[in-house]
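Here is the structure we will look at.
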Amino acid sequence: MKIVELTEATKKELQDTLAKRSTNSFKEQEEKVAEIIKAVRERGDEAVFDFTKRFDGVEIDSSSIEVTPEEIKRAYETIDPELLKVIRDAIVNIRDYHMMQKRTSWFDTKDGIFLGQRITPIAKVGVYVPGGKAVLSSSVLMNVIPAKVAGVPEIIMVTPPQRSGELNAASVVAAVESGVDRILKVGGAQAIAALAYGTESIPKVDKIVGPGNIFVALAKKAVYGNVGIDSIAGPSEILVLADETANPRYIAADLLSQAEHDELASAILVTTDRELAKKVSDEVAAFTEKLSRKAIIEKSIENYGCIFVAENMEQAIATANDIASEHLEILTKNPFDTMSYIKNAGAIFLGEYSSEPLGDYFAGPDHILPTNGTARFFSPLNVDDFIKKSSVISYSREALAPVYKEIVTFAEAEGLTAHANSIAVRFEEE
């Protein structure tokens, strides 16, 4: 990995490079996505089936698009029993964590005034699960469980079929175990369009969540407004913040755990120790030679990997906050103290035994996280993403009487005389 002195100029150069991965940089793909969405809106199932054959090499129709009870049975027979146990254990951790996020409606009454906030779950949610370069059955759990905790009554999962026409057994089992209502064999932009507008076989939903490739991200961006979305996910990224006490071998392994996702993934180390930087670079090279996704890792590291050597920890922390990485690992002498200065990160991992994959699979917090610096204003997927909040207002005549003239004054100041009249008419006898 390249080792660079951390300055304002080198930091900006890296940020500019990372920004090129944004959905705003893929105009050609955006045009293709627009064509796919238009076709699905106009031709429904027919377009979905055509695109599935073209992009996935699988022929499906209205009778085979949905996973059947027989296919579910085969998935349970196929899955490794040890993996099934892991999925069930992970579900417990993820559910327990998200239960702590659950909100309840609240109401307050005083002197004829009744105010409150009513919380209701979204009625129908579409969950997208990737199935391209990596089949992420863990993403099934992370998408579905917070929705179930929120009380969403209907969850539709879409994921690309394999060449055999069936789905990965682990994804099917994860869907069933976490409570998905329907599992559909369709992926890509066509799946997003179908969920957003509905077809003969795929119901229109109220919100679409889940990560995907650039075509999925662009499709979610395009349909937003017609349906809700969680966010526009970008390529995976990790930033490790480390001092001289950190283990270089651990750091290298953790950087590569994200670099293997995608050629566009980024892996960044910010450290105050030049000797550590050199050791990490050597370990990255050694590990890469032995890993199965070597070609992907090499492109990711070459284009979006970097080791910054900072003058001090204050500069290192400021850089971490500016980059606002999806995953932030803190490997310093006192990681909890260091964390107190972090303002922007999707998920924070503290200490040398809290590597990023712990969050991906098992600990409980959601692994669907803000990317491309959006941790400055976005949060991880959570229970709040699956609820709606309605304000509740009730005034008695006695409560409105002392203040109605103030409301009339405010409305008339804005030139909204019908607003003013709506209040004043209730007291016109005065």
Side-chain angles (χ1 to χ4, degrees), residues 1-30 130 133-134 211-218 220-221 230-242 251-252 254-271 277 280-281 284 288 293 295-310 315-330 342-349 356 359-360 367-381:
M1 289 182 72
K2 54 181 176 285
I3 300 174
V4 180
E5 293 290 339
L6 177 56
T7 66
E8 284 300 314
T10 57
K11 179 179 69 176
K12 184 178 186 304
E13 182 180 356
L14 176 65
Q15 287 178 298
D16 289 346
T17 299
L18 297 178
K20 293 175 183 176
R21 306 173 308 155
S22 156
T23 53
N24 296 324
S25 302
F26 293 85
K27 296 301 181 186
E28 182 181 342
Q29 291 88 339
E30 197 165 18
K133 292 178 180 175
N213 64 17
I214 187 61
F215 292 97
V216 171
L218 288 168
K220 287 173 69 177
K221 179 180 177 182
D230 50 347
S231 63
I232 302 170
S236 190
E237 51 197 35
I238 184 171
L239 188 150
V240 178
L241 190 59
I251 294 172
D254 295 352
L255 292 172
L256 295 177
S257 74
Q258 295 311 290
E260 76 168 344
H261 266 295
D262 192 299
E263 290 90 345
L264 295 174
S266 71
I268 302 164
L269 167 63
V270 184
T271 181
V280 169
S281 181
V284 164
T288 299
R293 296 166 73 86
I296 291 174
I297 289 171
E298 286 178 335
K299 289 183 180 179
S300 166
I301 292 297
E302 179 183 355
N303 294 320
Y304 303 105
C306 182
I307 298 176
F308 277 137
V309 179
Q315 185 191 29
I317 290 169
T319 298
N321 281 324
D322 288 343
I323 293 175
S325 185
E326 176 188 19
H327 305 100
L328 172 65
E329 288 189 6
I330 301 179
I342 295 298
K343 298 181 178 66
N344 304 322
I348 302 172
F349 300 80
E356 188 279 335
D360 269 353
H367 78 200
I368 298 170
L369 302 165
T371 57
N372 278 336
T374 60
R376 293 175 293 110
F377 48 84
F378 271 138
S379 304
L381 191 72

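The figures that follow rest on heavy atoms only: side chains count, while hydrogens, waters and symmetry mates do not.
Contact check for Thr319 versus Lys11: side-chain heavy atoms found under the 4.5 Å cut-off. At a threshold of 4.5 Å between non-hydrogen side-chain atoms, the residues Pro370 and Ser379 do not count as touching. The closest side-chain heavy-atom distance from Ile342 to Leu241 is below 4.5 Å. Proximity of Lys221 to Glu30: side-chain heavy atoms (C-beta onward) are separated by under 4.5 Å at one or more points. Ser281 places a side-chain heavy atom less than 4.5 Å from the side chain of Ile307.
To the nearest 0.5 Å, atom CG of residue Leu269 and atom OG1 of residue Thr271 are 5.5 Å apart. With rounding to the nearest 0.5 Å, the separation of CZ in Phe308 from CG in Leu14 is 4.5 Å. Atom CD1 of Ile251 is separated from atom CG of Leu256 by 12.0 Å, given to the nearest 0.5 angstrom. Expressed to the nearest 0.5 Å, how far CD1 of Ile297 lies from CD of Glu260 amounts to 5.5 Å. Remark: Asn372 CG to Ile232 CD1 distance equals 10.0 Å, nearest 0.5 Å. Annotation: the span from Lys20 atom NZ to Asn303 atom CG amounts to 10.0 Å, rounded to 0.5 Å.
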Given side-chain contact (heavy atoms from CB on, under 4.5 Å), test His327 with Leu369 step by step and report yes or no.
-> CA-CA 8 Å; His327 305 100; Leu369 302 165; 3.4 Å; yes
Derivation and outcome, side-chain contact (heavy atoms from CB on, under 4.5 Å), residues Gln315 and Leu6 = CA-CA 8 Å; Gln315 185 191 29; Leu6 177 56; 3.8 Å; yes
Please report the C-alpha distance between Leu328 and Ile323 in whole Å, then the side-chain angles of each, then the deciding distance to 0.1 Å, and finally whether the side-chain contact (heavy atoms from CB on, under 4.5 Å) criterion is met.
-> CA-CA 10 Å; Leu328 172 65; Ile323 293 175; over 6 Å; no
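For Leu255 against Ala267, the heavy-atom pair with the smallest separation is O-CB, 3.6 Å. Across all non-hydrogen atoms, the minimal contact from His261 to Ala265 is CB-CB, 4.5 Å. Nearest heavy-atom pair, Gly346 versus Ala375, reported as atom, atom and distance to 0.1 Å: N-CB, 3.7 Å. Here the closest non-hydrogen pair linking Ile368 and Pro211 is CD1-CD, 4.0 Å. Nearest heavy atoms, Ala259 versus Ile301: CB-CD1, 4.0 Å. Annotation for His367 and Asp360: closest pair ND1-O, 2.7 Å, computed over non-hydrogen atoms.
Checking side-chain atoms of Ser300 against main-chain N and O of Glu263 turns up no donor-acceptor pair under 3.5 Å. Between the side chain of Asp230 and the backbone N or O of Leu381, no donor-acceptor pair lies under 3.5 Å. Without hydrogens or angle criteria, Glu298 side chain to Thr288 main chain gives no donor-acceptor distance under 3.5 Å. Judged by distance alone, the side chain of Asn213 and the main-chain N or O of Phe215 form a donor-acceptor pair under 3.5 Å. In this structure a side-chain-to-backbone donor-acceptor pair under 3.5 Å is missing from Asn344 to Ala324. Under the 3.5 Å distance criterion, the side-chain polar atoms of Ser266 are left unmatched by any main-chain donor or acceptor of Tyr304. A donor-acceptor pair under 3.5 Å links the side-chain atoms of Lys220 to the main chain of Ser231, judged by distance alone. Remark: the backbone N or O of Phe349 is not paired with any side-chain donor or acceptor of Glu356 at under 3.5 angstrom.
Classification of Lys12 and Asp16 as a salt-bridged pair holds, one side-chain N sitting under 4.0 Å from a carboxylate O. Look at Arg21 and Glu237 and you find a salt bridge, because one of the NZ, NE, NH1 or NH2 atoms lies within 4.0 Å of a carboxylate O, short of that distance.
A donor and an acceptor atom, one from each side chain of Glu326 and Ser236, are located under 3.5 Å apart.
The environment of Glu13 atom CD is sparse: at most 12 non-hydrogen atoms of other residues, nucleotides or ligands sit within 6.0 angstrom.
Each of Ile268, Val240, Leu239, Ile238 was compared with Gln258 under the side chain to side chain contact (heavy atoms under 4.5 Å, CB included) criterion, and only Ile238 meets it.
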